[in-house]
Undergrad: 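My questions will all concern the structure given below.
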Amino acid sequence: MGAKAKKVLKKKLNKNSSQLSIFRRTNESSDFLPLEAGPGRRISEPEEPVNETATVLYLGHIPHGFYEEQMQGFFQQFGKIKRLRIARNRKTGKSKHYGFLEFENPEVAKVVADEINNYLLFEHNLQLSLIPPDRVHPKLWKGVNRIFKPLDWKAIARKQHNKERTVEEHQRMVQGILKRDEKRRKRIKAAGIDYECPDFVGRIQSAPKKIKFDEEED
C-alpha cells in the first residue's frame with residue numbers, strides 16, 4: 001500500500017470516528033444504533049394494555065330476513081346474549097339494516113367482533129365493531145323488549161275515504177276531481193288523440209231537503 005493510499009484510508013477512519021462521536025453526543029437517549037450511520041430514533045414505549053370492558057357491538061349491513069329471532073339463534077352460539085336490537089322504521093316497521101348486540105362477557109364480544117366482521121351472509125358482508133362503554137348512548141336500549149306493531153295504513157285510508165262528509169266538504173272534493181279531470185283532458189287533446197271523456201258522475205249533489213211540518217190544529 002502506497003503512502004497516498006494510507007493517507008486516504010487514515011482520512012476516512014478519522015471522518016468515521018468523528019461522525020460516531022457526534023452521533024453519541026447528540027443521541028445519547030437513543031435506544032438503538034442506526035444502520036449506515038443514520039440518525040438515531042427513540043423507540044416508543046409500549047402502551048399499557050387497555051382493559052377490554054366493551055360488551056356492546058354495532059352491526060351493519062344486516063340483510064333482509066336476518067331479524068331478531070335469527071340473530072338470537074346465530075350469535076348465542078358464541079356466548080350468552082344480554083340484549084339485542086334492530087333499528088326499524090317507526091311507520092312501516094321495516095329494518096334499517098343496522099342494529100346493536102350486547103354480550104354478558106366482554107371477551108366473547110371481542111372474539112365475535114374480530115371473527116364475524118366481514119362475514120358473508122345472504123350476499124351481504126356483516127360489519128361488526130365494538131362500542132366503548134363511554135360511547136354507548138343512555139337511551140340505546142329504550143324499548144328493546146317492545147314488540148313493534150306496524151299501523152294498518154290500508155284500514156286508515158279506507159276509514160278516511162268512507163267517512164261521512166258535509167255538503168261543503170263534498171263540494172271541495174268534487175272541485176279537486178274536476179280540476180284533475182280537466183288537466184287529463186288537455187293532455188289527451190295535446191297528444192292528438194280523438195277521445196271523448198265521459199262526464200263525471202256525482203258532479204252536482206242536491207242539498208238536503210227541509211221538511212216542513214204543518215202546524216197542528218187546535
Side-chain angles (χ1 to χ4, degrees), residues 56-76 80-103 116 119-129 131 135-216:
V56 180
L57 289 168
Y58 166 81
L59 285 80
H61 294 185
I62 299 176
H64 176 68
F66 192 60
Y67 301 138
E68 287 86 353
E69 184 178 355
Q70 292 77 15
M71 291 176 64
Q72 183 78 23
F74 179 78
F75 286 106
Q76 68 182 359
K80 191 172 182 180
I81 297 175
K82 190 175 181 180
R83 286 176 290 193
L84 172 65
R85 176 192 175 188
I86 295 179
R88 293 183 175 273
N89 188 291
R90 293 184 179 181
K91 291 185 178 180
T92 62
K94 293 183 179 181
S95 173
K96 292 184 178 181
H97 304 288
Y98 73 92
F100 303 93
L101 176 67
E102 183 179 11
F103 287 97
I116 307 300
Y119 182 79
L120 183 62
L121 183 66
F122 298 147
E123 299 181 358
H124 286 71
N125 290 328
L126 286 177
Q127 302 295 322
L128 277 76
S129 59
I131 302 178
R135 298 293 301 276
V136 178
H137 197 278
K139 295 183 179 180
L140 177 63
W141 304 109
K142 183 178 180 181
V144 64
N145 296 323
R146 182 176 55 192
I147 299 175
F148 185 84
K149 295 181 179 179
L151 297 175
D152 190 355
W153 294 102
K154 292 183 179 179
I156 295 173
R158 189 184 306 113
K159 184 178 179 181
Q160 180 71 17
H161 182 271
N162 297 334
K163 73 174 184 178
E164 295 182 0
R165 293 179 173 84
T166 61
V167 177
E168 291 79 9
E169 290 177 346
H170 181 78
Q171 289 179 353
R172 286 198 299 269
M173 182 185 68
V174 171
Q175 291 298 327
I177 295 174
L178 292 176
K179 286 182 180 179
R180 292 192 295 271
D181 184 68
E182 185 66 24
K183 292 181 181 179
R184 182 167 54 252
R185 291 171 184 266
K186 290 181 179 179
R187 289 197 300 269
I188 293 173
K189 186 177 180 180
I193 301 174
D194 187 10
Y195 176 75
E196 185 177 354
C197 298
D199 293 333
F200 177 69
V201 180
R203 182 173 182 176
I204 301 175
Q205 183 182 19
S206 59
K209 297 181 180 179
K210 295 181 180 179
I211 302 174
K212 184 177 181 180
F213 296 94
D214 296 335
E215 295 180 0
E216 295 181 0

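Only heavy atoms go into these numbers, but all of them, side chains included; no hydrogens, no water, no symmetry mates.
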Undergrad: Restricting to pairs with a member in residues 155-174, which pass salt bridge (charged side-chain N to carboxylate O under 4.0 Å, His left out), not counting sequence neighbours?
TA: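 Every pair satisfying salt bridge (charged side-chain N to carboxylate O under 4.0 Å, His left out) with a residue in residues 155-174: there are none.
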
Undergrad: In Å, rounded to the nearest 0.5 Å, how long is the span from CD of Gln175 to NE2 of His170?
TA: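 The CD atom of Gln175 sits 10.0 Å away from the NE2 atom of His170.
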
Undergrad: Identify the two heavy atoms, one from Ile62 and one from His97, that lie closest to each other, and give their separation to 0.1 Å.
TA: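 Closest pair (atom of Ile62, atom of His97, distance): O-ND1, 2.8 Å.
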
Undergrad: Heavy atoms only: give me the nearest Ile86-Phe66 pair and the separation to one decimal.
TA: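 The pair with the smallest heavy-atom distance is CD1-O, 3.9 Å.
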
Undergrad: For the atom pair CG (Leu101) and CD (Gln76), what is the distance rounded to the nearest 0.5 Å?
TA: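 Reported value, rounded in 0.5 Å steps: 11.0 Å.
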
Undergrad: Within a reach of under 6.0 Å around NZ of Lys96, are more than 12 heavy atoms found that belong to other residues, nucleotides or ligands?
TA: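 Atom NZ in Lys96 is packed in, count exceeds 12.
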
Undergrad: Determine, step by step, whether Gln160 and Ile156 satisfy the side chain to side chain contact (heavy atoms under 4.5 Å, CB included) criterion, reporting the C-alpha distance in whole Å, the side-chain angles of both residues, the deciding distance to 0.1 Å, and the verdict.
TA: CA-CA 6 Å; Gln160 180 71 17; Ile156 295 173; 5.6 Å; no

Undergrad: Show me, pair by pair, the donor-acceptor contacts under 3.5 angstrom made by side chains of residues 119-127, not counting sequence neighbours?
TA:
residue : atom : partner : partner atom : Å
His124  : ND1  : Phe122  : O            : 2.9
Gln127  : NE2  : Asn118  : OD1          : 3.0
Gln127  : NE2  : Asn125  : O            : 3.4

Undergrad: Which pair of heavy atoms, one from Met71 and one from Leu59, lies closest together, and at what distance?
TA: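 The answer is CE-CD2, 3.2 Å.
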
Undergrad: At what distance, to the nearest 0.5 angstrom, does CG of Leu84 lie from CZ of Phe103?
TA: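 Between Leu84 CG and Phe103 CZ, I get 9.0 Å after rounding to 0.5 Å.
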
Undergrad: Is any side-chain heavy atom of Phe75 closer than 4.5 Å to one of Leu57?
TA: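 Not in contact.
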
Undergrad: For the residue pair Tyr67 and His64, what are the closest heavy atoms and their distance?
TA: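 Reported closest heavy-atom pair: OH-ND1, 2.6 Å.
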
Undergrad: Is it true that, when you exclude Arg135 itself, more than 12 heavy atoms of the residues, nucleotides or ligands shown sit nearer than 6.0 Å to its CZ?
TA: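 No, the 6.0 Å shell around CZ holds no more than 12 heavy atoms from other groups.
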
Undergrad: Look only at the side chain of Glu182 and the backbone of Lys179, and say whether a donor-acceptor pair between them is shorter than 3.5 Å.
TA: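 Absent.
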
Undergrad: If you define the side chain from C-beta out and look only at heavy atoms, does anything of Glu68 sit under 4.5 Å from Arg88?
TA: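 Glu68 reaches Arg88 side chain to side chain.
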
